[in-house]
Amino acid sequence: MDTILLHPPLLEGEGFSVLRQNPDRGWRMETYLTLGSNTVMFHEGKTPLGFLDEQIELYRDTPCALVQVYVYLTEYCKRALDDTAFAQLQAYLDGVRERKLRVLLRFAYEFDVNRKVGPTSRRIHGHLRQIKQWFAEHEPLVRDTVLVLQAGVIGAWGEWHTARLYHNKKKMLYALCDTAPAYLPLQVRMQKFKDCVQNTENAARVGYHDDFLVGAYHKWNTPAGEPDSERFQSFVKESRFTLNDGEMPWGRDKTVHEGCIDGYEMLTACAEHSLSTLSLTHNYIEEGGQFNMVRWQSEKLNALRASELGCPHTSAYFTQNGKALERTVFDFLTDHLGYQIAVREILAGDAADGRQTATVKLSNDGFALPYAFTKLRLHIADANGNVKQFDFTDYMPEKLTGNSTAAFSVTGDFGAIQKIGLSLEKEVYTPSAVRFANRCAFDENGVNWFEITP
């Protein structure tokens, strides 16, 4: 066959917005479910799914297909979980699936720092064994709806502080790793908590949720050390390979700089944390307010400033009709949380054994790797529309961390080539394919198609 060499054009400027629907990345909401009474913590008189619908409506103008769900087990501090509790959990996740959402799931008991109520470690471990069994019995539902299990259960809001009773954190993290099915990653609040499972088989699937992102360093951030410290650099390096979440304090919070969070500093923090998801609920328009993220919608950003801040990007993102384009801090976050994959080159030709070979070069201009998107597949279409598929066995998501480029090759009996397609898929739920940052057709099967021009 004749050698085929393609350099597919990238999207340009505002055209990148079509990538905002890519799965398992971007903004997330926040909701609550109290098992037993089937109520909404902090929102008396609301129903769990009714409150979820309110949040969907509140953020309807911002792309958001993810939701952090606090499942409070407060009413079960002194008893085992019963059929009522699990029926309520199932009904909620069924509702999530109907709404085509995915959840960051956190179980918690204590809902403030006053320590008036709290379970014993024995009770928590008993509940986790029950939840593990329920996960196994409802695997299709869990696979479809749960993105990550956050290591909650200890202390206020499941953040592993101010617990009423003492809990051995190492034993608890091991129990949580055992609770989560192998296909589910976990997230911990602080770097020091993950230290409990370092050098074990669980370390690779434990990422972070930083619940106090304020741009500049703060002692309540997830990393144990200040910027430029060895601990901080270790955190940055390790975060590149894990699924990570973040949130700012509530907009009403005045702990840092009287509540003013610098948008440019936040961009650097999100890049350093390799964030896949960030809370839209905190510090935006909650409680009828207008907080930091509203301001960021008018704060301008150009390509040079993004580079100075250490943020991955492609020059095409700051270009429209061949001219330089300014973006906003908010839009940049919207488009660069998680992964942003582009095809830079496709080379196809004859292999030494008489078959054909194809090599593709991909770039990731997002903050984070395409976590658990484990199947990169080549699709070859002939003139009659017949399609052959070939998997890249040398591909793994860890080779496409944020701000990186990697090449992958596959050999096979391609036959005549009319079009070349590529798909990047996550096998644990459907739909799960990634749209690339190229000007190309993207079909209902999740295949990005590239025309071969003479």
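Quick note: numbers below take in every heavy atom, side chains included, and nothing from hydrogens, waters or symmetry partners.
- Residues T34 and S37 come closest through the heavy atom pair CG2-OG, 3.8 Å.
- For the pair R377 and F392, the cation does not sit on the ring face, since its NZ or CZ is not both under 6.0 Å from the ring centre and inside 45° of the axis.
- Proximity of a side-chain donor or acceptor of N38 to a complementary backbone N or O of L35 within less than 3.5 Å is not detected.
- Judged by distance alone, the side chain of Q21 and the main-chain N or O of V18 form no donor-acceptor pair under 3.5 Å.
- No donor-acceptor pair closer than 3.5 Å links the side chain of T401 to the backbone N or O of E398.
- In this model, a donor atom of one side chain and an acceptor atom of the other lie less than 3.5 Å apart for Q297 and Y284.
- At a cut-off of 3.5 Å, with distance as the only test, a side-chain donor of T255 or D253 sits close to an acceptor on the other residue.
- Residues L19 and L11 meet the side-chain proximity criterion, which asks for heavy atoms closer than 4.5 Å.
- The ring-ring contact (aromatic ring centres under 6.0 Å, His included) test with H336 singles out one residue from Y317, W27, F16, and that residue is Y317.
- Under a 4.0 Å N-O distance rule, the pair E287/R252 qualifies as a salt bridge.
- Here the shortest heavy-atom pairing between N403 and P312 reads CB-CB, 3.5 Å.
- Note on R231 versus E226: no salt bridge recorded, every NZ/NE/NH1/NH2 to OD/OE distance being 4.0 Å or above.
- W160 contributes a side-chain N or O that, together with a main-chain N or O of G152, makes up a donor-acceptor pair within less than 3.5 Å.
- Within a 6.0 Å radius of NE2 in H43, other residues, nucleotides and ligands contribute more than 12 heavy atoms.
- Residues Y174 and N202 have side chains that never bring a donor and an acceptor to within less than 3.5 angstrom of each other.
- With a 4.5 Å cut-off on side-chain heavy atoms, V71 and R106 do not count as touching.
- Looking at every heavy atom in both residues, D245 comes nearest to L278 through OD1-N, 4.0 Å.
- Counting heavy atoms from C-beta on, the side chains of E110 and P119 come closer than 4.5 Å.
- Of the charged side-chain nitrogens involved, at least one lies within less than 4.0 Å of a carboxylate oxygen, so that D365 and R344 count as a salt-bridged pair.
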### Message
As a quick check of understanding, evaluate side chain to side chain donor-acceptor pair (under 3.5 Å) for S239 and H273, giving each step before the final call.
### Response
CA-CA 6 Å; S239 296; H273 282 61; over 6 Å; no
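- Note that NE2 of H282 is 11.0 Å distant from CD1 of I261, once rounded to the nearest 0.5 Å.
- Atom CG of N199 is surrounded by 12 or fewer heavy atoms from other residues, nucleotides or ligands within 6.0 Å.
- T31 places no side-chain N or O within 3.5 Å of a backbone atom of L52 that could act as its donor or acceptor partner.
- Salt bridge present: K46 and E54 bring a charged side-chain N and a carboxylate O closer than 4.0 Å.
- The pair D443-R435 does not count as a salt bridge, with every side-chain nitrogen at least 4.0 angstrom from each carboxylate oxygen.
- In this structure the side chain of L147 reaches within 4.5 angstrom of the side chain of L243, judged on heavy atoms.
- Between the R99 side chain and the G95 main chain, a donor and an acceptor come within less than 3.5 Å of each other.
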### Query
Does the side-chain contact (heavy atoms from CB on, under 4.5 Å) test come out yes or no for C311 and F367, once each step is laid out?
CA-CA 8 Å; C311 292; F367 291 150; 4.3 Å; yes
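- Interatomic distance, CG of D178 versus CD1 of I131, reported as 12.0 Å (0.5 Å rounding).
- Looking at E75, its side chain never comes within 3.5 Å of a backbone N or O of L73 through a donor-acceptor pair.
- You'll find the side chain of W449 reaches within 4.5 Å of the side chain of H379, heavy atoms only.
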### Message
Could you walk me through whether L333 and W296 satisfy the side-chain contact (heavy atoms from CB on, under 4.5 Å) test, starting with their C-alpha distance in whole Å, then the side-chain angles of each, then the deciding distance to 0.1 Å, before giving a yes or no?
### Response
CA-CA 10 Å; L333 275 172; W296 298 349; 3.9 Å; yes
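- Y208 is linked by a ring-ring contact (aromatic ring centres under 6.0 Å, His included) to F235, counting only residues two or more places apart in sequence or in another chain.
- By the neighbour-count criterion of 12 heavy atoms within 6.0 Å, atom NZ of K361 is sparsely surrounded, having that number or fewer from other residues, nucleotides or ligands.
- K100 and D144 are not joined by a salt bridge, as no carboxylate oxygen comes within less than 4.0 angstrom of a charged side-chain nitrogen.
- Under the ring-ring contact (aromatic ring centres under 6.0 Å, His included) criterion, the residue pairs touching residues 94-117 are Y109-H127, with sequence neighbours excluded.
- Salt-bridge check for K192 with D195: failed, with every basic side-chain N at 4.0 Å or more from each acidic carboxylate O.
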### Task
Show your working on side-chain contact (heavy atoms from CB on, under 4.5 Å) between Q233 and D228 and close with a plain yes or no.
CA-CA 6 Å; Q233 295 306 316; D228 299 325; 4.3 Å; yes
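- When all heavy atoms are compared, the tightest approach of R79 to D82 is NH1-OD2, 3.3 Å.
- For E265, there are no salt bridge (charged side-chain N to carboxylate O under 4.0 Å, His left out) partners two or more places apart in sequence or in a different chain.
- Although no hydrogens or angles enter the test, the distance criterion places a donor-acceptor pair under 3.5 Å between the side chain of N448 and the main chain of L422.
- Atom CD of Q198 has more than 12 neighbouring heavy atoms from other residues, nucleotides or ligands inside a 6.0 Å radius.
- Between L378 and Q389, the closest side-chain pair of non-hydrogen atoms is not below 4.5 Å.
- Salt bridge absent: E258 and K254 never bring a charged side-chain N and a carboxylate O closer than 4.0 Å.
- Here L128 contributes atom CG and R123 contributes atom CZ; the two are 12.0 Å apart, rounded to the nearest 0.5 Å.
- Within the 4.5 Å cutoff, the side chain of Q68 has no heavy atoms near those of the M29 side chain.
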### Message
Assess the residue pair N244 and T242 against the criterion (side chain to side chain donor-acceptor pair (under 3.5 Å)); give the C-alpha distance rounded to whole Å, side-chain angles, the decisive distance to 0.1 Å, and a yes or no.
### Response
CA-CA 6 Å; N244 310 303; T242 57; 2.8 Å; yes
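- Counting all heavy atoms, side chain and backbone alike, L104 lies closest to L66 at CD1-CB, 4.3 Å.
- No donor-acceptor pair closer than 3.5 Å links the side chain of R102 to the backbone N or O of D24.
- Put simply, the side chain of K219 does not reach to within 4.5 Å of the side chain of F212, judged on heavy atoms.
- Classified by interplanar angle (parallel below 30°, tilted 30° to 60°, perpendicular above 60°), the ring pair F51/Y32 is tilted.
- Residues N22 and R25 bring no donor and acceptor atom of their side chains to less than 3.5 Å of each other.
- With rounding to the nearest 0.5 Å, the separation of OH in Y72 from CH2 in W157 is 8.0 Å.
- Remark: R28 engages E247 in a salt bridge, criterion side-chain N to carboxylate O under 4.0 Å.
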### Message
Determine whether M248 and M266 satisfy the following criterion, side-chain contact (heavy atoms from CB on, under 4.5 Å), listing intermediate values before the conclusion.
### Response
CA-CA 10 Å; M248 292 178 286; M266 268 296 294; 4.0 Å; yes
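- Using a 3.5 Å distance cut-off with no hydrogens or angles, the side chains of E238 and Q191 do not pair a donor with an acceptor.
- For the pair T222 (side chain) and R189 (backbone), a donor-acceptor distance under 3.5 Å is present.
- Across all their heavy atoms, Y76 and A85 have their closest contact at OH-CB, 3.5 Å.
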